[in-house]
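One is the number of the first residue; the rest follow in order along the sequence. Predicted model only: the values in this text are computed from it and were never measured.
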Amino acid sequence: KMYASGIVLAITPLIGSPDENVRAAALEAFMYFRVMEAKLVLLEHRDFGVRASALRFLRTATPSEETVGALLQLAANHRSFLVREAAAKALGDMAPVGHKLAVQTLADLLADDAREVREAAS
């Protein structure tokens, strides 16, 4: 776990590089490592393309209770509606059918102030 965290911490700043090649390489590195923590970090990124890449990976990943829990936190509590939207989309794809907290969180997000979040939760 410490090793994975070190990788995430080392690569994360490169995602914001002004050099397009550096950004692309950093994003590819995140996708290469099968580290769920990395994908969750990317889900919070300010750039839509980066969040979309994280969502693509999350949709194909085998969900763990830890990952679903992290998505629940992001969907329910993040200040950015864009991150709440991305987390709601990931939850809809990843959470096991009938997962009580996921269903409740998605239901709560139907009343979110942001239209995009409500649409993602539906």
For this session: Indicate the atoms forming the closest heavy-atom contact of His99 with Leu72, along with that distance.
Result: CE1-CD1, 4.2 Å
For this session: Output the distance between atom CZ (Phe48) and atom CG (Leu82), rounded to the nearest 0.5 Å.
Result: 9.0 Å
For this session: Kindly give the heavy-atom pair with the smallest separation between Ala86 and Arg51, and that separation in Å.
Result: CB-CD, 4.4 Å
Seminar exercise, completed: Sorted by chain and residue number, the side-chain contact (heavy atoms from CB on, under 4.5 Å) partners of Ala120 (sequence neighbours excluded) come out as Glu85, Ala88, Lys89
Exercise. Are Val103 and Leu109 co-members of a hydrophobic cluster defined by side-chain heavy atoms under 4.5 Å apart?
Worked result: no
Exercise. About how many Å separate CG of Asn77 and CZ of Arg84, when rounded to the nearest 0.5 Å?
Worked result: 9.5 Å
For this session: Kindly say whether Ala102 contributes a backbone atom to a donor-acceptor pair with the side chain of Thr105 at under 3.5 angstrom?
Result: no
Problem set entry | Smallest separation among heavy atoms of Leu91 and Ala75, with atom names | CD1-CB, 4.0 Å
Exercise. Could you state the interatomic distance from CG (Leu14) to CG (Asp19), rounded to the nearest 0.5 Å?
Worked result: 10.5 Å
Problem set entry | Separation of Leu71 CG from Leu106 CG (nearest 0.5 Å) | 10.0 Å
